[in-house]
There are 2 protein chains.
Amino acid sequence: MYEIFQKYLDDKTTLTQAESDYIQSFAIIKKLRKKQYLLQEGDIWKYDAFITKGCLRTYSVDEKGSEHVNSFSIENWWTGDRESLLYQQPSRFNIDAVEDSELVLFTHDNFELLCKEVPAFNAMVNAILQKSFIAAQNRIQASLSFTAEEKYLNFINKYPGFALRIPQTMIASYLGMTPETLSRIRKQTAKK
Amino acid sequence: MYEIFQKYLDDKTTLTQAESDYIQSFAIIKKLRKKQYLLQEGDIWKYDAFITKGCLRTYSVDEKGSEHVNSFSIENWWTGDRESLLYQQPSRFNIDAVEDSELVLFTHDNFELLCKEVPAFNAMVNAILQKSFIAAQNRIQASLSFTAEEKYLNFINKYPGFALRIPQTMIASYLGMTPETLSRIRKQTAKK
DNA sequence: GTAAAAACTTGATATAGATCAAGTGTTTTG
DNA sequence: CAAAACACTTGATCTATATCAAGTTTTTAC
């Protein structure tokens, strides 16, 4: 499955053969069965993880035991807990597989080495971080200014396809509403 | 007021005198009166802006005319609209001064030049972006899992001092509730 | 220094969305 | 392939927070 990551690199950067090989030398391939954890609350996250296939979800569990989905990540995107990684502190999140999935992992030490030694790789990583931040900003704005229905319409517009792969309960949680509310909204918008 | 930015740089990086001078050569000092705009919706944002004094707020206005505060930024922090900057598209946000404020601006072209030519500066910028992203993630989590009261308590705990400088109406908007609700929560929590 | 504007509080009422509950359909798994 | 577990729907009711309204306090600006 490394080819998919290689294709991603070729698309996002211009690398010499030596650089490509160097990057690949650090890659760890990991497969996850549906529902399998990549990270559990309390663990310290130590990787940078690229998804070549499947779908993962990042969520937290509050004192009442309710789950809150922070994000979904699918193939050709990255996942992990940056806060736990940066401060090397126990994670407040769980990450698990929504579908059978395949990942390319780098230990963060190796990843930082790559950033240092391969300028184009570093530039790519910064560009990703920029976009992640912008996406997070937009999510905050949506959560502040949209009604439940608007949140749903915005979601399916922004991420068409997600709705087909991810159980409604999880999408409802991601959007900050109950599954019942989402079910009613879907019924209502289907009519129109 | 450049000294405050210089102190920030000295604190966050190790620079040669030449590098320091180089950075300063691009700095633009800007003063803002309370309520004055730094950026208005529809404008394209072209700077990187560091606050040496005061407090700014970033907000959007929805179709019904309601304002939604996306963030506050105070001295020793950065502000701007990264989405507008990165894609050079009209901003959906307004940024204005909550108090009389002073900024150090860099045009983004110069800023990128600095990132390219001064590695320590580039590293600092990446570290800021990391932290900004983590803060945004945490804000999303809070908005998904907290009640109105928990949001307020989390806010004053995380940003003590903000509550004293920023009108309650704006804080309420930042927290995604009405001013009336915040007023009632404050009354209630004061009793305890 | 005073009038106007803004910010905050408090009460009454409304409502979007939550919760509880029960039924149906659909995967998963031994 | 059967039954348990899970996902979704629908209805009835509840509740946290919004909205509307009026009064008070604080800030702003000439």
Side-chain angles (χ1 to χ4, degrees), chain A residues 32-36 54-55 57 59 61-69 72 96-101 142-156 162-191, chain B residues 32-36 54-55 57 59 61-69 72 96-101 142-156 162-191:
Chain A
L32 287 179
R33 293 279 192 70
K34 187 170 174 173
K35 294 196 180 170
Q36 194 180 336
C55 179
R57 111 214 209 239
Y59 66 99
V61 180
D62 67 22
E63 327 81 62
K64 283 151 231 143
S66 314
E67 296 180 357
H68 302 281
V69 176
F72 298 113
D96 68 7
V98 176
E99 308 167 349
D100 291 352
S101 301
S143 96
L144 288 174
S145 41
F146 289 172
T147 63
E149 180 175 351
E150 287 167 342
K151 284 177 196 170
Y152 173 66
L153 293 175
N154 179 56
F155 175 78
I156 54 169
F162 274 43
L164 300 166
R165 298 170 68 168
I166 300 170
Q168 272 184 50
T169 317
M170 292 183 191
I171 293 173
S173 171
Y174 175 86
L175 296 174
M177 64 187 74
T178 60
E180 292 95 330
T181 294
L182 181 55
S183 174
R184 283 185 252 263
I185 285 169
R186 281 168 57 92
K187 189 184 174 189
Q188 220 179 289
T189 58
K191 268 192 294 187
Chain B
L32 287 180
R33 294 280 192 68
K34 185 169 174 174
K35 296 196 179 172
Q36 195 181 334
C55 178
R57 112 215 209 240
Y59 67 99
V61 180
D62 67 22
E63 326 81 62
K64 283 151 230 140
S66 313
E67 295 180 357
H68 302 281
V69 175
F72 298 114
D96 67 7
V98 176
E99 308 166 349
D100 290 352
S101 302
S143 96
L144 287 175
S145 41
F146 289 171
T147 62
E149 181 175 352
E150 287 167 342
K151 282 176 197 171
Y152 174 65
L153 294 174
N154 179 56
F155 175 77
I156 55 171
F162 273 43
L164 301 166
R165 298 170 67 169
I166 299 170
Q168 275 185 47
T169 316
M170 291 182 192
I171 294 175
S173 171
Y174 175 86
L175 296 174
M177 64 188 74
T178 60
E180 292 95 327
T181 294
L182 181 55
S183 175
R184 283 183 252 261
I185 284 169
R186 281 168 58 91
K187 189 184 173 187
Q188 221 180 289
T189 58
K191 269 193 293 189

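The chains referred to below are lettered A, B, ... by the order of the sequence lines, with proteins before strands, and numbering in each begins at 1.
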Using a cut-off of less than 4.0 Å, is there contact between a side-chain N or O of B:Thr169 and OP1 or OP2 of C:dC8?
yes

Without decimals, in angstroms, what is the distance between B:Glu99 CD and C:dA7 P?
14 Å

Between P on D:dA16 and CD on B:Glu150, what's the gap in Å once rounded to a whole number?
12 Å

Roughly, in whole Å, what's the span from CG in A:Leu164 to P in C:dT26?
16 Å

Interatomic distance, B:Lys187 NZ vs C:dA7 C1' [rounded to whole Å]
17 Å

In whole angstroms, the gap separating P of C:dA16 from CD of A:Gln188 amounts to 10 Å

Side-chain (A:Ser173) to main-chain (A:Glu67) donor-acceptor, under 3.5 angstrom:
yes

Kindly say whether B:Met177 contributes a backbone atom to a donor-acceptor pair with the side chain of B:Thr181 at under 3.5 angstrom?
no

Tell me if a side-chain donor or acceptor on A:Thr189 pairs with a main-chain N or O of A:Ile185 at a distance below 3.5 Å.
yes

Among C:dC8, C:dG11, D:dA7, find the nucleotide with the atom closest to the side chain of A:Pro167.
D:dA7

Which one of A:Arg33, A:Arg165, A:Lys35 satisfies the salt bridge (Lys or Arg N to Asp or Glu O under 4.0 Å) criterion with A:Glu99?
A:Arg165

Residue pair B:Ile166 / B:Cys55, side-chain heavy-atom distance below 4.5 Å:
yes

Readout for nucleotides 17-30 of chain D: B = base within 4.0 Å of protein heavy atom, S = sugar-phosphate only, - = neither; 5' to 3' it is SSBBB------S--

When the distance from CG of A:Leu175 to P of C:dG17 is rounded to whole Å, what number comes out?
12 Å

Grab the CD-P distance between B:Glu67 and C:dA7 for me, whole Å please.
10 Å

Separation of D:dT9 atom C1' from A:Gln168 atom CD, nearest Å, is 9 Å

Are any of the side-chain nitrogens in A:Asp96 or A:Arg57 under 4.0 Å away from the carboxylate oxygens of its partner?
yes

